[in-house]
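Here the structure is laid out as structure tokens; the discussion comes afterwards.
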Amino acid sequence: MPELPEVEIIVRGLRKEVIGKTFSDVWTDTKKLVKQDSFEDFKRKLIGRKIVSIGRRGKNILIYLDNEEILLIHQKISGHLLLGKWKFENNVWVPPVGPLSDDRVNGYLHIVFSLDDGRQIALSDQRKFAKIEIIKDVNFDLGPEPLDIDFNSFKDLFKRKKGKIKQILMDQNFIAGIGNIYASEILYLSNVHPEESANKLDEKDLKKIYDNMQFILKESIRLKGDSFSDFRDLNGEKGGFQNIMKVYQKNGKECEKCGAKILRINLGGRGTFFCPNCQKKK
DNA sequence: GGCTTTGTTTTATA
DNA sequence: GTATAAAACAAAGC
């Protein structure tokens with residue numbers, strides 16, 4: 001599931017590869033992925049536009065165009081962007097030999113952007129939940145970036161907060177980019193129970209959460225993201241963060257720190273994983 | 001065929 | 001009026 005590190009991997013890859021390229025065509029088999037505009041309007045707006053820069057805000061990919069507009073892509077659960085040279089034959093996109101053809105999760109192409117250099121940016125998205133639109137400004141109602149904020153500002157965010165800490169970390173308006181997987185992993189390393197009330201956390205707890213938040217997100221970016229599920233990089237290749245996960249989907253397994261069994265609970269409708277021995281409520 | 005998966009949005013409640 | 005919790009929604013695998 002693309003959270004901040006996975007989106008960052010895609011953004012860095014695009015930045016290296018497609019700045020200066022121009023959109024020459026757009027294809028889809030799932031028009032509803034494009035919000036607001038009809039697909040026909042969307043296509044008309046995009047063709048001929050040159051990519052001038054690439055950015056990220058939370059989990060949103062921002063592709064800045066030469067007419068001051070911005071192509072926004074949110075990959076949601078199973079979406080991931082790929083870059084390569086497909087061939088369109090008999091109404092089907094035929095991938096090049098390699099990860100783009102070998103790995104099933106790279107085969108659910110629902111939007112394909114053709115570039116003027118002969119390559120395509122393709123969205124593979126098994127569940128078709130991704131969101132694509134053209135916007136004019138980036139005035140998101142999102143919290144600060146976890147990798148940009150300093151500890152004092154982070155601490156200030158918690159003033160008057162009293163919800164459950166895991167849900168707070170996942171709240172995009174509170175802080176942007178953390179989803180279900182990283183929230184569980186951050187709290188495990190911090191020895192904080194996911195249902196702990198924010199107003200019971202002292203400065204030491206918040207410092208641990210802050211440090212582990214930065215560590216985990218950076219470590220995952222270094223490992224090219226989490227490919228536990230559908231995420232792949234632009235080349236269709238897996239990242240490595242799933243290999244160092246400690247609790248996510250590990251219910252019943254032994255905690256690496258103490259040997260207790262990892263538990264799974266339902267918190268806010270989300271699977272939540274933690275060690276009942278290392279992460280005790282106050 | 002109901003349950004699960006996640007991120008976001010909408011609705012309800014305190 | 002606001003913060004938080006719960007429910008709804010998207011599609012598909014098992």
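Proteins get letters first, then strands, A, B, ... in listed order; numbering begins at 1 in each. No hydrogens, no waters, no symmetry mates; every other heavy atom, side chains included, goes into these values.
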Quick test of your reading of the model: are A:Asp66 and A:Arg49 salt-bridged, counting only N-O distances below 4.0 Å?
yes
Under 4.0 Å between a Lys/Arg side-chain N and an Asp/Glu carboxylate O for A:Glu196 and A:Lys166?
no
To the nearest Å, give me how far apart CD (A:Glu185) and P (B:dT6) are.
12 Å
A:Arg119 with A:Asp117: basic N within carboxylate O range, under 4.0 Å:
yes
State which of C:dT4, B:dG7, C:dA10 makes the closest approach to the side chain of A:Lys59.
B:dG7
Length of the CG-C1' vector between A:Asn60 and B:dG7, whole Å
11 Å
Which protein N or O atoms sit under 3.5 Å from an N or O of nucleotides 12-14 of chain C?
unit_1, atom_1, unit_2, atom_2, d
C:dA12, OP1, A:Lys128, NZ, 3.4

Should A:Lys131 be listed as having a side-chain N or O under 4.0 Å from OP1 or OP2 of C:dA10?
no
Between A:Glu8 and A:Arg12, is the closest basic N to carboxylate O distance under 4.0 Å?
yes
To the nearest angstrom, how far is A:Tyr248 atom OH from B:dT4 atom P?
13 Å
Please report, rounded to the nearest Å, how far the C1' atom of C:dA6 is from the CD atom of A:Glu195.
15 Å
Mind calculating the distance between CG (A:Asp230) and P (B:dT6) to the nearest angstrom?
11 Å
Taking NZ, NE, NH1 and NH2 as the nitrogens, is one of them in A:Lys128 or A:Asp125 under 4.0 Å from a carboxylate oxygen of the other?
no
Does A:His74 make a side-chain N or O approach to OP1 or OP2 of B:dG7 shorter than 4.0 Å?
no
Under 4.0 Å between a side-chain N or O of A:Lys76 and OP1 or OP2 of B:dT5?
no
For the pair made of CG in A:Asp125 and P in B:dT8, what is the distance, rounded to whole Å?
14 Å
Can you classify the ring geometry of A:Phe151 versus A:Phe154 as parallel (below 30°), tilted (30 to 60°) or perpendicular (above 60°)?
tilted
Taking for each residue the nucleotide of DNA chain C bearing the nearest heavy atom, is the 5' side occupied by A:Gln167 or by A:Arg270?
A:Gln167
Which pairs count as ring-ring contact (aromatic ring centres under 6.0 Å, His included) when at least one residue sits in residues 260-282 of chain A, sequence neighbours excluded?
A:His193-A:Phe274, A:Tyr248-A:Phe273
Check this for me: A:Lys224, atom NZ, are more than 12 non-hydrogen atoms of other residues, nucleotides or ligands nearer than 6.0 Å?
no
Figure out the CZ/C1' separation between A:Arg264 and B:dT6, and round it to whole Å.
12 Å
Measure up the A:Trp27 and A:Trp93 rings against each other and bin them: parallel (under 30°), tilted (30 to 60°), perpendicular (over 60°).
perpendicular
Nearest whole Å is fine: how far is B:dG7 C1' from A:Leu33 CG?
15 Å
Check DNA chain C against residues 168-183 of chain A and give the residues with a non-hydrogen atom under 4.0 Å, in numerical order.
none
